Amino acid sequence: MSDHSSGAEGNPELREFLRSCRSRITPEEAGLPVRPGTRRVPGLRREEVAQLAGVSVDYYVRLERGRRLNASESVLDAVARALRLNDTERAHLFALARPTRARPRPMPPQRVRPGLRRVLETMTETPAIITGRRLDVLAINRMGRALLTDFDALPHRERNMARFIFLDEAARDLYADWETAGRGVAATLHLYAGSHPHDPQFAELIGDLSIRSKDFRRWWADHDVNRGTHGTKNYHHPLVGDLTLEYEAFVPTGNPEQTLGLHTAEPGSPSEHALRLLAAWTDEQAIPAPPDSGHHRG
């Protein structure tokens, strides 16, 4: 493949990610001398990144333009250090700089093991959810449906956390810090983009969110990446009021593209009491879990 045909348009995600990363670092922060005159770009210039990484300016320019350079691990490590990337951002850089050459094709459907689904339903006081590729919601227990929304009642295409966060007005009321939740979702999707550049259903999702949500468009352009493994989430639930819950995410053995998310409250806290009230409400409603069809949208 020629350099022209694999140029900047061949890897726009890499180009914009590197631009975004260097825009966040000032020369002073990088330990570079401040030169007189007005800077035309925020953050570091490309030649300054090249200097810090110990590569030629031409090489770095071609790398940022998305050219296929077969960059070595040592070069990518040097660029990551120059840009002060964290572990998640470094892994994202490696994924973007070494993309697969596969053509876009539908991904195989995802399944949640029956045993794992039963585990979810045994958690009667713990909201639990399993997400898959693109943050598609593959399974959710009764408490999860009561805390978030009844994903099982939605069409398959709408069972997606990003669609819920950005396109469902109820989510803005539910999340006490909706902006943080939205930014986190956009950053998680960027991480997926680096490892699944040829997923047509992902391209459809990003296109739809970009058209329908100005907030998503703005945060998607930031090119932040994030792997949400744990943290604290604050909710304002319409039935039980304010909750502060700890979130933990696990990858089920044998299913690396699925994530089990659990919400728990500090023992003895008002949030634990609110969760118990929510559990009692779900018992009264007796919302049955839907039968498992065994198949989910890729």
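All residue numbers in this chain count up from 1 along the given sequence. Atoms considered below: every heavy atom in the structure, side chains included; atoms not considered: hydrogens, waters and symmetry mates. Everything numeric here is computed off the predicted structure, so don't read it as measured data.
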Suppose the criterion is salt bridge (charged side-chain N to carboxylate O under 4.0 Å, His left out): which pairs have a residue in residues 184-197, not counting sequence neighbours?
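Checked against salt bridge (charged side-chain N to carboxylate O under 4.0 Å, His left out) - neighbours excluded - no pair reaches residues 184-197.
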
Salt bridge (charged side-chain N to carboxylate O under 4.0 Å, His left out): which pairs involve residues 260-274, sequence neighbours left out?
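Checked against salt bridge (charged side-chain N to carboxylate O under 4.0 Å, His left out) - neighbours excluded - the pairs reaching residues 260-274 are E272-R276.
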
Quick one: list whatever passes side-chain hydrogen bond (donor to acceptor under 3.5 Å, both in side chains) with R19, sequence neighbours left out.
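R19: side-chain hydrogen bond (donor to acceptor under 3.5 Å, both in side chains) contacts with E16.
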
For H237, check side-chain hydrogen bond (donor to acceptor under 3.5 Å, both in side chains) against everything at least two apart and list the hits.
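With neighbours one apart ignored, the set is empty.
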
Which residue pairs satisfy the side-chain hydrogen bond (donor to acceptor under 3.5 Å, both in side chains) criterion with at least one member in residues 241-254, sequence neighbours excluded?
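Residue pairs passing side-chain hydrogen bond (donor to acceptor under 3.5 Å, both in side chains), neighbours aside: T232-E246, N234-T244, H236-D242.
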
Applying side-chain hydrogen bond (donor to acceptor under 3.5 Å, both in side chains) as the test, list every pair that has at least one member in residues 82-92; sequence neighbours left out.
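Those involving residues 82-92 are D77-R90.
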
Using side chain to side chain contact (heavy atoms under 4.5 Å, CB included) as the criterion, list what pairs up with V251, not counting sequence neighbours.
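Testing V251 for side chain to side chain contact (heavy atoms under 4.5 Å, CB included), a comparison that skips the adjacent residues, returns none.
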
Just jot down the side chain to side chain contact (heavy atoms under 4.5 Å, CB included) partners of A78, sequence neighbours excluded, or say none.
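Partners of A78 by the side chain to side chain contact (heavy atoms under 4.5 Å, CB included) criterion, ordered by chain and then number, come out as A53, R81.
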
Please enumerate all residues that pass ring-ring contact (aromatic ring centres under 6.0 Å, His included) together with W220, with sequence neighbours excluded.
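Partners of W220 under the ring-ring contact (aromatic ring centres under 6.0 Å, His included) test: H190, F216.
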
Kindly write out the residues that satisfy ring-ring contact (aromatic ring centres under 6.0 Å, His included) with F151, not counting sequence neighbours, or none if the list is empty.
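Scan of F151 (ring-ring contact (aromatic ring centres under 6.0 Å, His included), adjacent residues dropped) gives F164.
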
Which ring pair (Phe, Tyr, Trp, His ring centres under 6.0 Å) pairs, counting each pair once, include a residue from residues 115-136, with sequence neighbours left out?
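Pairs touching residues 115-136 that pass the test: none.
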
Which residues share a salt bridge (charged side-chain N to carboxylate O under 4.0 Å, His left out) with E29, sequence neighbours left out
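With sequence neighbours excluded, E29 shows a salt bridge (charged side-chain N to carboxylate O under 4.0 Å, His left out) to no residue whatsoever.
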
